[in-house]
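Everything below concerns the one structure shown next.
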Amino acid sequence: MRLTFIKFRKWLVLLALTTLVLVAVMVYNQPSVLQLSATHLSDVRTTTVPTKPIPRSLFGMHIADSDKIPWPAVPIATWRLWDAATSHGLAFWAHLERQKGAWDFRTLDYCVELAQRHAVELVYTLGITPKWASARPNDSSPYGDGPTSAEPKNLDDWRNYVRTVATRYKGKIRYYEIWNEPNLKHFFSGSVDQMVALAREAYTTLKQVDPSITVVSPSLYADWGGFKWFDEYFAKGGGKYADVIGAHFYIGKEKTPEDSLSLIREVQDVMAKHGLAQKPLWNTETGYGNKGENVFYSAEDSMAYVARTYLVNWASGMERFYWYAWDNRNVVTMLMVEEDKKTLTPAAKAYAQIQQWLVGSRMKRCEPDTKNTWVCELTSEKGKPFWIVWNPKQKQNFVLHENSGVHQVQHLDGKKTALPDNRKLKVGRLPVLLSQL
């Protein structure tokens with residue numbers, strides 16, 4: 001009798017183990033579109049995904065020669081006026097006030113009128129000191145003779161510049177950024193203490209002219225000592241003089257958009273360290289392709305990078321992202337128009353398509369699974385679920401369970417196809433949208 005009981009017990013244990021194995025296999029094979037069992041990769045971990053509707057203002061742009069090209073043929077919600085130019089010059093301080101008290105607003109007036117005509121918000125970046133006002137007139141900038149990277153030698157000149165611009169464009173420019181990439185010497189050769197002083201005076205002056213103005217911090221270049229610079233800047237009180245924190249998240253040519261998440265996380269960690277986690281973070285400039293190094297991307301990669309950069313930026317908690325650039329061929333190579341300055345590139349088509357997918361929807365999650373296939377789960381304005389899926393490194397089979405209800409695949413080129421009968425999809429670097437009919 002005891003032998004029989006032992007055999008029976010062994011049989012029960014074997015049955016239990018077999019059941020566990022079968023359950024594990026079933027769970028593993030469940031489509032991630034239904035039950036995402038993600039392994040957060042250390043270099044791409046996202047923060048808590050914002051649950052609010054994705055706004056149009058996420059989609060910003062840089063436009064260089066706005067008086068020489070047709071207005072962009074894709075939706076643009078907001079325009080950062082860095083490197084914006086007309087035949088009269090750039091819109092920097094050094095071009096607005098070439099001599100003390102001699103103002104030339106032709107470029108900035110044109111950009112403001114153009115933005116109003118197209119219902120586009122503006123961000124104006126303060127800085128680039130004229131030689132006459134510079135503490136070190138021989139400190140050069142990337143913008144030729146005249147503009148310098150030094151701080152102004154007299155804060156009264158700085159305050160007058162800020163007040164003059166803010167007063168002239170009151171109600172027309174509602175967003176001001178303190179400086180561009182101050183951790184790079186060719187943009188700012190002064191000290192962190194001097195930048196804190198400039199931010200303090202600019203913030204105070206802007207709020208005096210119009211309390212409704214939103215002030216963006218100096219936007220650092222995150223991957224070039226940016227975290228250390230921000231740490232010191234915030235420690236010295238710079239965070240008090242900003243409603244929004246700005247940064248630029250450029251990455252090397254060997255990296256993919258998902259790699260920028262580690263940079264974003266480090267900036268967020270520095271913000272949290274100094275009690276600034278509650279302030280919005282904006283990516284006020286990022287693009288791809290270094291012209292100086294002859295780095296170019298294929299049409300497919302261009303489409304993929306545009307879409308994925310917007311997806312991972314929103315998933316990381318970024319509230320705005322200003323693409324660089326629409327037409328500036330001096331720096332980057334992944335542009336939105338061809339050399340004729342009117343024909344849309346694949347990147348521009350992806351920019352328009354990802355807006356259609358995202359604006360108004362809510363993102364519930366967005367993260368990679370154990371095979372590094374990214375799954376973003378979203379809900380449309382009408383409450384219908386959909387998913388955006390891609391794999392940045394290689395093509396992977398992605399099998400959808402019948403219970404998912406997914407029957408349609410939308411592609412970045414706008415085409416829609418039916419899900420194959422075997423419900424198996426080959427997922428690669430181009431994101432696809434999976435939806436229910």
Side-chain angles (χ1 to χ4, degrees), residues 38-55 57-60 78 80 123 125 175 177-184 192 195-196 199 203 214-252 255-287 308-324 358 362-368 374 376 392:
T39 298
H40 286 296
L41 307 180
S42 60
D43 60 338
V44 293
R45 174 175 56 85
T46 60
T47 57
T48 302
V49 175
T51 57
K52 62 184 178 182
I54 299 174
S57 57
L58 172 64
F59 291 87
T78 175
R80 180 175 180 252
V123 176
T125 306
Y175 301 91
E177 185 177 51
I178 300 299
W179 208 279
N180 180 75
E181 297 177 0
N183 57 314
L184 303 185
V192 172
M195 182 53 68
V196 172
Y203 184 88
T214 296
V215 179
V216 185
S217 75
S219 289
L220 56 77
Y221 194 110
D223 203 23
W224 282 64
F227 318 117
K228 182 180 178 182
W229 193 94
F230 251 170
D231 192 24
E232 183 179 353
Y233 181 76
F234 293 150
K236 292 181 174 180
K240 293 186 294 185
Y241 310 117
D243 305 306
V244 173
I245 305 303
H248 302 164
F249 298 97
Y250 286 95
I251 56 175
K255 296 183 178 180
T256 67
E258 295 75 20
D259 294 317
S260 66
L261 287 171
S262 60
L263 299 177
I264 295 171
R265 184 172 68 247
E266 289 194 61
V267 170
Q268 291 170 329
D269 288 345
V270 176
M271 290 171 61
K273 175 183 175 181
H274 295 281
L276 303 171
Q278 79 285 357
K279 293 196 175 186
L281 176 61
W282 291 3
N283 182 348
T284 60
E285 181 186 324
T286 296
R308 282 156 47 192
T309 302
Y310 272 95
L311 285 161
V312 299
N313 267 256
W314 179 260
S316 73
M318 200 72 63
E319 293 200 2
R320 293 192 182 196
F321 169 34
Y322 291 80
W323 182 268
Y324 194 94
L358 294 184
R362 296 175 186 265
M363 185 179 286
K364 298 174 69 175
R365 69 179 81 187
C366 190
E367 50 197 350
W374 280 74
C376 296

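For Thr284, the side-chain hydrogen bond (donor to acceptor under 3.5 Å, both in side chains) partners are Glu177, Ser219, His248, not counting sequence neighbours.
When all heavy atoms are compared, the tightest approach of Pro182 to Met195 is CB-CE, 3.9 Å. Heavy-atom minimum distance, Pro257 versus Val312: O-CG2, 3.9 Å. Residues Met363 and Ala315 come closest through the heavy atom pair SD-CB, 3.8 Å. Residues Pro218 and Phe230 approach most closely at O-CZ, 3.6 Å, considering heavy atoms. Here the closest heavy-atom approach between residue Ala242 and residue Ile245 is recorded as CB-CD1, 4.3 Å. Heavy atoms only, all atoms of each residue included: Arg320 and Trp282 are closest at NE-CZ2, 3.4 Å.
The distance from atom CG of Leu58 to atom CH2 of Trp314, rounded to the nearest 0.5 Å, is 6.5 Å. Note: Ser57 OG to Phe321 CZ = 14.0 Å, rounded to the nearest 0.5 Å. With values rounded to the nearest 0.5 angstrom, Ile264 atom CD1 is found 12.0 Å from Asp269 atom CG. Note that CD of Glu258 and SG of Cys366 are 9.0 Å apart. Values are rounded to the nearest 0.5 Å. From Thr286, atom OG1 reaches atom CG of Asp223 across 10.5 Å, with rounding to the nearest 0.5 Å. Taking CG from Asp231 and NE2 from His274, the interatomic distance works out to 4.0 Å, rounded to the nearest 0.5 Å.
Between Tyr310 and Phe59, the two ring planes are parallel [angle under 30°; tilted spans 30° to 60°].
Heavy-atom contacts from other residues, nucleotides or ligands closer than 6.0 Å to NZ of Lys273 number 12 or fewer.
Considering Thr125, Val123, Val215, Val244 as possible partners of Tyr175, the one that fulfils the side-chain contact (heavy atoms from CB on, under 4.5 Å) test is Val123.
In this structure, a donor-acceptor pair under 3.5 Å is present between the side chains of Tyr250 and Glu285.
Panel note: side chain Asn183, backbone Tyr221; a donor-acceptor pair is recorded below 3.5 Å.
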*Do Asp243 and Tyr203 pass the side-chain contact (heavy atoms from CB on, under 4.5 Å) test, and can you show the C-alpha distance, the side-chain angles, and the key distance before you say yes or no?*
CA-CA 9 Å; Asp243 305 306; Tyr203 184 88; 3.4 Å; yes
_Pair Asn180-Arg80, side-chain contact (heavy atoms from CB on, under 4.5 Å): steps then yes or no_ = CA-CA 11 Å; Asn180 180 75; Arg80 180 175 180 252; 2.8 Å; yes
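Side-chain contact between Leu358 and Leu311 is present, with at least one heavy-atom pair separated by less than 4.5 Å.
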